[in-house]
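Computed over heavy atoms, backbone and side chain alike; hydrogens, waters and symmetry mates excluded. Since the model is a prediction, treat every value here as computed from it, not as a measurement.
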Amino acid sequence: MKFEILAPAGGMESLIAGVRSGANGVYLGVKAFNARRNAGNFDYDELKTAVDYCHKRGVKVYLTLNILISDDEWELAYDTVKKSLEAGVDAFIIQDIGAAKMIREHFPQARLHGSTQMSIMTPAGAKAAEEMGFSRIVLPREMSLDEIKEIRQSTNLELEMFVHGALCMCVSGQCYLSSVIGSRSGNRGLCAQPCRLPFTAKGDKTECALSLKDLSLIEHLGELDGIVSLKIEGRMKRPEYVSAAVTAVKNAIDGSYSNSDSYKLKSIFSRSGFTDGYFTSNLGADMFGTRQKEDVVSAKDVLKDISHNYDNENPLLPMDIQFTCLDSKPCQLTASALGKTVTVIGDIPEKAINKPMTEEALSSRLSKLGGTQFYANNIEVTLDDGLILPVSKINELRRKAVEEIEKQNEITVVAKPLSNPVPANKNAVLYATASFKSAEQIPDRHPFKNVFIPLDSSLEDFVDNRAGVVLPRGLFGVEDEIKKQLTKLKKAGVSKALCGNIGSYTLAKEMGFEVFGDFGLNIYNSESANMIDNPILSFELTLDQANKINAENTGVIVYGKMPLMLTRNCPIKNSIGCYECAKQGKLTDRKGYEFEVLCSKYPCVEMLNTHPIYMLDRLREVKTDFVHFYFSTETADEVSRIIDLYKKGGKPDFKYTRGLYQRGTF
């Protein structure tokens, strides 16, 4: 099976390590707009050097533009794309759907790869990506083999998946823990990884209930039918790690993966071993782990050995050579490699006085491609008898052929000038909407224009409350089930759907629902807001940024304990079990703050923030079209109390947060 081995490159040394170890592609970032802004990354001169180095070796380069982009960053984003195309990058890895739209409209030659941060986990999500112009999507790390097959059978998109490296506890693109705790947003490329710190469900202050072992699917590569690219996580890791991982994947593809490869992988970096739990559907305690002292110490034993993998150029690319040497005619060498064929002309051979050249001797001389990335594949020699040519002239021909093969084509970038969205009409009167965890929370009289309740609520609850449906964000393997439930709701008269995933949004819209974009879509700018109907904007925006979003019918969350994580592996179940939890699970961090964990009949659970966002006393500052209330664990009485505060515009008598509306993210 033919795979692309995709290596991480946080800097030039890691890039070289990956390429010399056998990577077919690398992914890297420039100084801005990438999900590893703390990596070394590349400036534009370094990017050009990196791309030239890779392309001379038949290696693709994918630029990570995989964060959310604000409205005041469009010019910089546009320039980044243009300069990166001029440098020769082969594709852009994108999270922000607005960024994808901007690139597609302004740079028609650019290829788009959907980042795992897009949370595409269903066939409908893949369809949405295809309609937005993506040619490839990166699958979530949390998918099982059957779920991967479901997407493979539903789309013509190229599929890329992580096969080795760190596992986030949260579904990528749905984590707000770092931004809410310390303003360092994972969706903006500066995650501080607070999940690796102690969180406990059982009172043990050393428990790290949100820390997973690293992923490794290297022994499962034979099962990945239909996957195009095998991705290795690690742009923050050292070059030796990159080399070890690429080598292990390459050997696994070749059928030569050994205990030595496994030992080096575990030694160079692990958290007490690896896990394949999501892929094999074996979730639970075995998936959790932390970095131990012995994990750190073990790296010393293999670093030097691994570094020799990329000391020198490795001949990884085949070159075919045809050499013609005829009496009284200039000799010529034709070389084919990297999809190109070149011919170079040499001197006229002389008559040999003593020992004429032989085909065998010429073949041996021409095959000496040492010190380059090429090895001689097929060599054909056509030689008249009795001729001689100096060895230096043969070497010169061979060297010129390699140089010609390595020459890069001129790049012409077609770029349409950047334009701004047409201003939207804003409603003069701010209205309110709300979502509830249960219909029992909804008071008989309320001020909400639209209310939404969960998909698994009873038909009576939908009808009695004239409610729309909240679709789950964690959709792994349940699209068909959701479609059936939506069909029943449609027949019962339910007409509105609140969707926090691009897959559920696409599905509900196709089924004729009036769709509302929830916070999980990460709508962070005017471009993306104009692509989604009735969007609730990202709560990672400042209020000033949200007010300036130039789109129709936008909203912001003004009350609610926001989910900081959406995770498929329940930390409470893993720690104390479902019986002890009794659906009242809480995690406590090292400072004593408690975070409620909400169960779901669907594949994921949510970890809520300790305190709710509260902006009801500052609604005069809100300039969107509507405000949204996100009710979760509140009782019916508490909901009524919040509604009273909303009507009065008063301050609450409980602890609250302004979230990121004031301080924003870095």
Side-chain angles (χ1 to χ4, degrees), residues 116-125 139-148 150-151 162 167-177 180 186-187 195 199 201 209-212 215 275 277-285 287-288 435 437-438 452-457 469-483 485 497-505 507-508 518-522 560-575 577-578 581 583-587 595-609 630 632-633:
T116 189
Q117 295 280 118
M118 288 184 70
S119 310
I120 295 173
M121 58 187 74
T122 61
L139 297 175
R141 297 166 175 85
E142 298 80 15
M143 298 191 77
S144 70
L145 177 58
D146 287 342
E147 291 158 0
I148 292 168
E150 181 186 28
I151 290 187
F162 284 93
L167 268 181
C168 294
M169 183 67 183
C170 183
V171 175
S172 294
Q174 301 302 308
C175 188
Y176 309 98
L177 182 64
V180 169
N187 284 320
C195 52
F199 282 83
L210 298 177
S211 181
L212 294 173
L215 164 75
T275 180
Y278 287 129
F279 184 79
T280 59
S281 299
N282 291 313
L283 280 61
M287 289 189 66
F288 289 77
S435 57
K437 181 67 175 172
S438 167
F452 300 90
I453 56 177
L455 180 63
D456 58 352
S457 304
V469 58
V470 179
L471 295 182
R473 287 184 294 147
L475 301 168
F476 299 100
V478 297
E479 182 170 281
D480 286 343
E481 177 188 345
I482 287 174
K483 193 182 299 185
Q485 290 175 279
L498 181 60
C499 309
N501 177 276
I502 195 65
S504 65
Y505 179 89
L507 182 64
D518 206 354
F519 67 88
L521 291 172
N522 292 318
K561 285 185 273 191
M562 300 313 301
L564 303 185
M565 276 195 175
L566 178 76
T567 177
R568 193 164 189 183
N569 207 338
C570 180
I572 307 296
K573 180 180 179 180
N574 167 65
S575 181
C578 292
C581 170
K583 297 189 177 182
Q584 300 293 320
K586 293 180 181 179
L587 290 175
F595 301 81
E596 295 166 285
V597 177
L598 295 186
C599 288
S600 170
K601 65 171 286 188
Y602 300 103
C604 294
V605 301
E606 294 179 312
M607 187 180 87
L608 303 183
N609 194 20
Y630 181 89
S632 53
T633 59

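With sequence neighbours left out, the ring-ring contact (aromatic ring centres under 6.0 Å, His included) criterion links F162 to no other residue. S119 meets the side chain to side chain contact (heavy atoms under 4.5 Å, CB included) test with M121, V171, Q174, N501; sequence neighbours excluded. Not a single salt bridge (Lys or Arg N to Asp or Glu O under 4.0 Å) links K583 to another residue, sequence neighbours left out. Remark: S211 pairs with R196 by the side chain to side chain donor-acceptor pair (under 3.5 Å) rule, at least two apart or across chains. Residues satisfying the ring-ring contact (aromatic ring centres under 6.0 Å, His included) criterion with F199, sequence neighbours excluded, are F595. Legend: residues meeting side chain to side chain donor-acceptor pair (under 3.5 Å) with Q485, ordered by chain and number and at least two apart, are Y602. Y505 pairs by the ring-ring contact (aromatic ring centres under 6.0 Å, His included) definition with nothing, not counting sequence neighbours. With sequence neighbours excluded, no residue forms a side chain to side chain donor-acceptor pair (under 3.5 Å) with D518. Here S435 pairs with H628 under the side chain to side chain donor-acceptor pair (under 3.5 Å) rule; sequence neighbours left out. Scanning for salt bridge (Lys or Arg N to Asp or Glu O under 4.0 Å) contacts around E606 gives R473, with sequence neighbours left out. For F288, there are no ring-ring contact (aromatic ring centres under 6.0 Å, His included) partners two or more places apart in sequence or in a different chain.
In this structure the side chain of K437 never reaches within 4.5 angstrom of the side chain of T633, judged on heavy atoms. The side-chain heavy atoms of L139 and I151, taken from C-beta on, include a pair separated by under 4.5 Å. Side-chain atoms of I482 and P472, non-hydrogen and from C-beta on, do get closer than 4.5 Å to each other. The shortest side-chain heavy-atom distance between L587 and I572 falls under the 4.5 Å cut-off.
The list of salt bridge (charged side-chain N to carboxylate O under 4.0 Å, His left out) pairs with a residue in residues 560-570, not counting sequence neighbours, reads E147-R568, K561-E596.
Although no hydrogens or angles enter the test, the distance criterion places a donor-acceptor pair under 3.5 Å between the side chain of N522 and the main chain of G173. Using a distance-only test at 3.5 Å, with no hydrogens or angles considered, no donor-acceptor pair links the side chain of S144 to the main chain of S281.
Atom-to-atom distance recorded for R141:CZ and Y278:OH is 10.5 Å, nearest 0.5 angstrom. T567 OG1 to E142 CD: the interatomic distance, rounded to the nearest 0.5 Å, is 7.5 Å.
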Report task. Verify side-chain contact (heavy atoms from CB on, under 4.5 Å) between M169 and L177, making sure each step is shown before the conclusion. Result -> CA-CA 11 Å; M169 183 67 183; L177 182 64; over 6 Å; no
